[in-house]
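Worth knowing before you read on, the calculation uses all heavy atoms, side chains too, and leaves out hydrogens, waters and symmetry mates.
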Amino acid sequence: MAATTVWQPREDGLAEICALLEQQISPSSDVDKSQIWKQLQHFSQIPDFNSYLVFILVRAEGKSVEIRQAAGLLLKNNLKGGYSSMAQENKSYIKSELLPCMGAVDRHIRATVGTIISEIVNIDGVSGWLELLPALVTCLDSNDLNHMDGAMDALSKICEDIPHVLDSEVPGLAESPINIFLPRLFQFFQSPHASLRKLALGCVNQYIIIMPAALYNSMDKYLQGLFVLANDPVAEVRKLVCAAFVQLTEVLPSSIEPHIRNVMEYMLQVNKDPDEEVALEACEFWSAYCDAQLPPDNLKELLPRLIPVLLSNMAYADDDESLLDAEEDESQPDRDQDLKPRFHTSRLHGSEDFDDDDDDSFNVWNLRKCSAAAIDVLSNVFGDEILPALMPLIQAKISTSGDETWKDREAAVLTLGAISEGCFNGLYPHLSEIVAFLLPLLDDKFPLIRSISCWTLSRFGKYLIQETGNPKGYEQFEKVLMGLLRRLLDSNKRVQEAACSAFATVEEDAAEELVPHLGVILQHLMCAFGKYQRRNLRIVYDAIGTLADSVREELNKPAYLEILMPPLVTKWQQLSNSDKDLFPLLECFTSIAQALGVAFAPFAQPVFQRCMDIIQLQQLAKVDPASAGAQYDREFIVCALDLLSGLSEGLGSGIESLISQSNLRDLLLKCCMDEAPDVRQSAFALMGDLARVFPAYLQPRLLEFLEIASQQLSANLIRENLSVANNACWAIGELAVKVRQEVSPIVTSVVTSLGLILQHGEAVNKSLVENSAITLGRLAWIRPDLVAPQMEHFMKPWCSALSMVRDDIEKEEAFRGLCAVVKVNPSGGISSLVFICKAIASWHEIRSEDVNNEVSQVLNGYKHMLGNSWAECWSALEPPVKERLARYQV
């Protein structure tokens, strides 16, 4: 049998590809990179092009390392998209060339080989490359540093990208790969080479989250290894040790509980590590410990030693980038990179229990912020018990004077803000002293002291408002209000930002207490509006919107509107329909429209037309950006839809004159079918708002709206679809009570979907459960004959959900439906009678006399129907339920 011939490159082809790669990585600007990229893409069509690339990476010894690496990275990208369609002999050649090169002398070549190996395993799994595991084991056991490092590098990339592949059965192997590698990784914890210790520990740490049996069963060995590495001379290794303890605390606290005192002592020690990254990783431990609900007493003993460490780490580090930003004067325009990415939250109808992650992704997380967060968590767990250890330190730092100690003073003010909620009881008696101390700091010469004082005062704001009943408390509240307003007009951008955010917080807490000061508040806000640069302007919009939400119709006075509206309208006219600075302004107008109600009418026509233009422009940009003259960005559509909702909520039936001649209906229907969940979410909110105030407008395409809304309820209810389903469900209910019988075609399918949502209530959120219960009731009220046959499937969860809904008109309508289906099919409710009784008992008072009578008829009807068995049902009810039902004489 003839020997198989090994693939060999042609010299001319090799030279041509190397020359292209050399040009591609050349720093020279004379080279047309896009042309070279096109040629390389063209070559990618040649069947053995990837074999050339692996040859250059592995064997082109005469070429520079940079060219060989470039070949390797291009190979990796080609494999990502084209591996599955490659010929088997090319795959085999590439694999056979990579394995011996894991131990290459040059570290960069080894690292590139490791990246490609990980990519192939990602596509093909371990079972698709049976030679890989033995090769890795041979390298790890070789005692040759290059081979051990190359294998470990490849392994670490596999563990990081696709950890589960090593924890699965491989045909032909007696045990899963992780059982082969774990003991070797533990051995490397004791390697004399820092790079191997670091890679080995990094590999094992990747498995904490998925916690395979192999790691769970070797937990003692792992912990011993961590204690051995705890004082490693290399900072990156110590950082990984801290990360391991933090993750174990989060994922499997029982594993460290036997060693908890040693772990805590160690974490306290490394929280002072000279390397800030190590100290930061250690600092994460304290919050993790509290979240894991490990015994608080251990931590309590440590507080007198831990608190001084956290407090000293809360001072600004000398290289903190905030120190540079703090010097920025308001006259310097913002650069584009200064503008935080902003995220508009689509409109939601119902209980606000959706996770609203604060956008901290833009802010750099560092030791100062982590230490402040830890103090905040400790204050919430231990309350006033931390004050004896903390207050003397705060007082000592605060009483320093002199420019060189300003960072200590600033950290003390930050600490007061961080503990304001957790230690509230202990601080409350000293509230007026604390505020009296903070007020002068609003005028401190250091901008970062002025800005942190704004934040800390806003944290105490809600407690001050409780004191406004007594003259001294009211006077202090006014001083805080005026102090923050004064800082709104600071010349320093950081202080402007802090003051404006702090003021928005106080607005939310103070609400109607702001009314006597509205004129002066508006003057300051609009003065800030006139002088701020783009980034801080967004926060002013937010503060204006929050003010409108807080004082509502009190804003509707000619003198106030004269201050507020002209500058906003001018800005509105300056911005183009594709300018992203329009987003916060649209949100701000939404709040103003809702607050002013019909008084917004003079401004409504241009605002409405603008929203329509924005939606039309974006729908065009989606299919043809060139003729739209703008790139598609769905956030424009979401903000415009939400402002239209605000208009319909504010103007009520007055919106009729705006929309009756427009093509909003068709645009809205299109948005209800958009593939993006946030667009659909806002579209269904607007559908529901229009149903409330002007249902006739939706009439010509009523069935299409109902059909599309009902489809959202049977969709895959993953997180982003939940909010869509929530609004669609609410909109169906609002439309149903207006169009009555015309809703009939969708009743059966919607009721089936709502029944399933209620049965799996724990898997969705409170808002969707409540809206489902109400909409189901409204449909049952309109078409009890269609709903009653299904009632046994959902009666118990429906009644449970109704008993959680607050007393209002929507609950009354839902109970009309409940009573109606019971009348049509009384036997369908017998098995759920206890739940029906509890739902009825959830009312504090039914205001509507006829709903009250219907409820009474249902209870008495069942009492009559059950005869002697009624006593059995009655005895199953808790005393408070019986007490509430007594008014119905049952």
Side-chain angles (χ1 to χ4, degrees), residues 375-376 379-380 383-388 390-392 394-395 397-399 409-410 412-444 449-490 495 498-525 528 542-544 546-555 557 560:
I375 285 270
D376 187 350
S379 76
N380 279 299
D384 301 337
E385 293 177 57
I386 70 169
L387 291 175
L390 190 58
M391 286 319 282
I394 291 179
Q395 279 157 337
K397 284 180 186 291
I398 271 172
S399 54
R409 292 198 294 282
E410 193 278 345
V413 177
L414 168 62
T415 311
L416 273 175
I419 63 171
S420 61
E421 290 183 1
C423 300
F424 165 65
N425 291 327
L427 296 175
Y428 195 69
H430 310 285
L431 184 63
S432 65
E433 295 159 58
I434 292 170
V435 172
F437 158 72
L438 289 169
L439 281 167
L441 296 181
L442 289 174
D443 298 302
D444 196 275
I449 289 186
R450 299 202 296 278
S451 64
I452 199 66
S453 303
C454 290
W455 177 75
T456 297
L457 277 167
S458 76
R459 297 270 290 184
F460 283 104
K462 55 167 118 10
Y463 310 125
L464 268 180
I465 288 146
Q466 293 164 13
E467 293 292 300
T468 50
N470 71 57
K472 180 142 194 259
Y474 189 72
E475 188 189 332
Q476 270 208 319
F477 170 69
E478 281 195 309
K479 281 184 178 165
V480 169
L481 203 61
M482 298 319 292
L484 289 176
L485 287 173
R486 201 168 61 248
R487 286 287 64 83
L488 277 181
L489 306 182
D490 201 292
V495 181
C500 210
S501 299
F503 189 70
T505 304
V506 171
E507 288 176 329
E508 283 179 9
D509 294 332
E512 63 279 0
E513 295 289 346
L514 300 171
V515 172
H517 309 281
L518 260 177
V520 74
I521 290 171
L522 284 167
Q523 279 163 346
H524 278 80
L525 282 172
D542 181 52
I544 295 170
T546 307
L547 182 68
D549 294 338
S550 301
V551 301
R552 305 294 296 184
E553 63 282 351
E554 295 289 345
L555 200 54
K557 297 217 165 52
Y560 298 157

Atom of Leu442, atom of Leu484 and distance for their closest heavy-atom approach: CD1-N, 4.3 Å
With Ser420 via side-chain hydrogen bond (donor to acceptor under 3.5 Å, both in side chains) - residues at least two apart: Arg459
Any non-hydrogen side-chain atom of Leu438 less than 4.5 Å from a side-chain atom of Val480? no
Out of curiosity, Gln523 CD to Leu488 CG, how far, rounded to the nearest 0.5 Å? 13.0 Å
Tell me the closest heavy-atom pair linking Leu489 and Ala528, and the distance in Å. CD2-N, 3.7 Å
Leu427 and Phe460, any side-chain heavy atoms less than 4.5 Å apart: yes
I'd like to know if the side chain of Asn380 reaches the main chain of Asp376, judged simply by a donor and an acceptor atom lying under 3.5 Å from each other, with no hydrogens or angles considered. yes
How close do Glu513 and Tyr474 get, counting heavy atoms only, and between which atoms? OE1-CE1, 4.2 Å
Between Leu481 and Val520, does a side-chain contact (heavy atoms from CB on, under 4.5 Å) hold up when you go through it step by step? CA-CA 10 Å; Leu481 203 61; Val520 74; over 6 Å; no
Check: Gln466 and Phe477 side chains under 4.5 Å, non-hydrogen atoms: no
Without swapping roles, check the side chain of Ser451 against the backbone of Ala498 for a donor-acceptor pair under 3.5 Å. no
For Arg486, side-chain hydrogen bond (donor to acceptor under 3.5 Å, both in side chains) partners two or more places apart: Asp443
In terms of heavy-atom contacts, Cys500 and Ala543 come closest through SG-CB, 4.1 Å
4.5 Å side-chain heavy-atom contact, Leu414 and Thr456: no
Hey, does Ile521 have a side-chain heavy atom less than 4.5 Å from the side chain of Phe503? yes
So which atom in Ile375 and which in Ala418 form the shortest heavy-atom distance, rounded to 0.1 Å? CG2-CB, 4.2 Å
Full working for side-chain contact (heavy atoms from CB on, under 4.5 Å) between Leu547 and Leu518: CA-CA 9 Å; Leu547 182 68; Leu518 260 177; 3.9 Å; yes
How far does NE2 of His430 sit from CZ of Phe437, to the nearest 0.5 angstrom? 14.5 Å
Backbone of Leu464 reached by a side-chain donor or acceptor of Thr468 within 3.5 Å: no
Taking the side chain as every heavy atom from C-beta outward, state whether His517 and His524 have any atom pair closer than 4.5 Å. no
CA sep, side-chain torsions, deciding dist, call: Asn425, Tyr428, side-chain contact (heavy atoms from CB on, under 4.5 Å): CA-CA 5 Å; Asn425 291 327; Tyr428 195 69; 5.8 Å; no
Keeping Ser550 on the side-chain end and Glu507 on the backbone end, is there a donor-acceptor pair under 3.5 Å? yes
Could you grab the distance from atom CG of Leu441 to atom CZ of Arg409, nearest 0.5 Å is fine? 8.5 Å
Distance check, rounded to the nearest 0.5 Å: Asp384 atom CG versus Phe424 atom CZ? 10.0 Å
Euclidean distance, Asp509 CG relative to Leu514 CG, rounded to 0.5 Å: 9.5 Å
Rounded to the nearest 0.5 Å, how far apart are OG1 of Thr415 and CE of Met391? 9.5 Å
Are side-chain heavy atoms of Arg487 and Arg450 found at a separation under 4.5 Å? yes
Given side chains that start at C-beta, do those of Leu555 and Leu522 come closer than 4.5 Å, heavy atoms only? yes
Considering all heavy atoms of both residues, which atom of Ile398 and which atom of Ala412 are nearest to each other, and what is their separation? CG1-CB, 3.5 Å
Please step through side-chain contact (heavy atoms from CB on, under 4.5 Å) for the pair Val413 and Trp455, ending with a clear verdict. CA-CA 9 Å; Val413 177; Trp455 177 75; over 6 Å; no
